[in-house]
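Just the heavy atoms: all of them, side chains too, but no hydrogens, waters or symmetry mates, feed the values below.
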Amino acid sequence: GSAEGMKRALSFVSSTMTVYNPAFFTVNVARDIPFIMTKGFAEYGMLFPIRFSAQLVKKAFTRDLWKIVWTGDASSISDKHLKAFYEGGANTGYTSTPDLKKLKDATKDWGKGTTVTWSNIGDVISYMNTFSEVWTRAAAYSVVRNMGYNNEEGIKAAKNLSVNFNRKG
């Protein structure tokens, strides 16, 4: 009844302010990077921000990250930390990645006389915003793993150094 209607309305408003908001990518990255650096400094020491910055650059320009985000397939990934991060739940445990096949299908004929719909545009914006989450969290995960911590600690860091969406309350 009315509770379900209110829940749907709040979900719609939340999505338009975040997932489907083209400006959210910038806001999200501008918030997450200093937050992760500060919290990482406090939890893992003074070298964390420097190492994190280096990993951000490395992850942004590596073919492996783009390959994972675009294809959803980590089988041919050479970056062992990125592969472990992805297989450990990067697209489910930390953020909800849009269906990549749906995204490819929605955008493959752009520029070929195909009608671009609001739904297609929303999918692309959602993909960009999801990329910002996966990118920063994968960098944090790699830093912690390179510092000698195990996979579980890396996953914990990727979740908790930024906003942990799995935490309740």
Side-chain angles (χ1 to χ4, degrees), residues 10-11 13-74 77-100 103-104 107 121-169:
L10 289 173
S11 177
V13 170
S14 174
S15 292
T16 53
M17 297 302 291
T18 57
V19 176
Y20 297 115
N21 180 351
F24 188 70
F25 174 86
T26 306
V27 170
N28 197 36
V29 169
R31 178 198 64 220
D32 281 354
I33 290 173
F35 193 78
I36 291 171
M37 290 174 94
T38 304
K39 210 166 172 198
F41 173 82
E43 292 187 28
Y44 297 101
M46 66 181 178
L47 291 178
F48 183 91
I50 297 164
R51 292 174 176 163
F52 178 70
S53 298
Q55 282 296 321
L56 279 176
V57 172
K58 182 180 177 185
K59 295 292 184 238
F61 296 105
T62 182
R63 293 181 65 152
D64 285 346
L65 180 64
W66 292 99
K67 199 183 302 181
I68 282 177
V69 173
W70 191 249
T71 66
D73 178 18
I77 301 306
S78 59
D79 181 331
K80 67 181 181 182
H81 289 162
L82 186 59
K83 185 173 184 174
F85 171 71
Y86 183 81
E87 290 173 345
N91 69 330
T92 56
Y94 313 120
T95 182
S96 179
T97 307
D99 182 333
L100 297 172
L103 181 64
K104 275 183 173 179
T107 59
I121 293 169
D123 289 342
V124 171
I125 293 168
S126 175
Y127 167 78
M128 281 181 4
N129 290 328
T130 299
F131 175 81
S132 73
E133 287 287 336
V134 174
W135 174 46
T136 55
R137 291 172 191 270
Y141 173 88
S142 288
V143 170
V144 171
R145 290 302 308 274
N146 286 336
M147 292 174 74
Y149 291 91
N150 65 23
N151 186 51
E152 296 234 356
E153 182 65 27
I155 290 171
K156 181 178 143 195
K159 291 172 90 171
N160 293 325
L161 289 177
S162 185
V163 177
N164 183 344
F165 293 106
N166 298 124
R167 185 175 287 161
K168 304 289 184 202

Atom pair CZ (F41) and CZ (F52), whose distance is rounded to the nearest 0.5 Å: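 The CZ atom of F41 sits 15.0 Å away from the CZ atom of F52.
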Approximate separation, where rounding is to 0.5 Å, of N150 CG and K156 NZ: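 Separation between the atoms: 10.0 Å.
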Applying side-chain hydrogen bond (donor to acceptor under 3.5 Å, both in side chains), name anything that partners [X], two or more places apart in sequence or on another chain.
X    : result
E153 : Y44
S142 : K59
N28  : R31, S132, E133

Test item: E43 and N160 side chains (from C-beta on) under 4.5 Å apart, heavy atoms: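 When only atoms from C-beta onward are counted, N160 and E43 do not touch, as no gap falls below 4.5 Å.
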Provide the closest heavy-atom pair for [X] versus [Y] in the form atom of the first, atom of the second, distance.
X    : Y    : value
G40  : L161 : N-CD2, 3.7 Å
G154 : R145 : CA-CD, 4.4 Å
P49  : M37  : O-CE, 3.4 Å
F48  : V144 : CE1-CG2, 4.1 Å

Whether H81 and Y141 hold their rings parallel, tilted or perpendicular, with breakpoints at 30° and 60°: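 Ring orientation of H81 relative to Y141: perpendicular.
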Residues in side chain to side chain contact (heavy atoms under 4.5 Å, CB included) contact with I50, at least two apart in sequence or another chain: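 Side chain to side chain contact (heavy atoms under 4.5 Å, CB included) check on I50 returns L47.
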Residues which pass ring pair (Phe, Tyr, Trp, His ring centres under 6.0 Å) with F35, listed by chain and number, not counting sequence neighbours: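 None.
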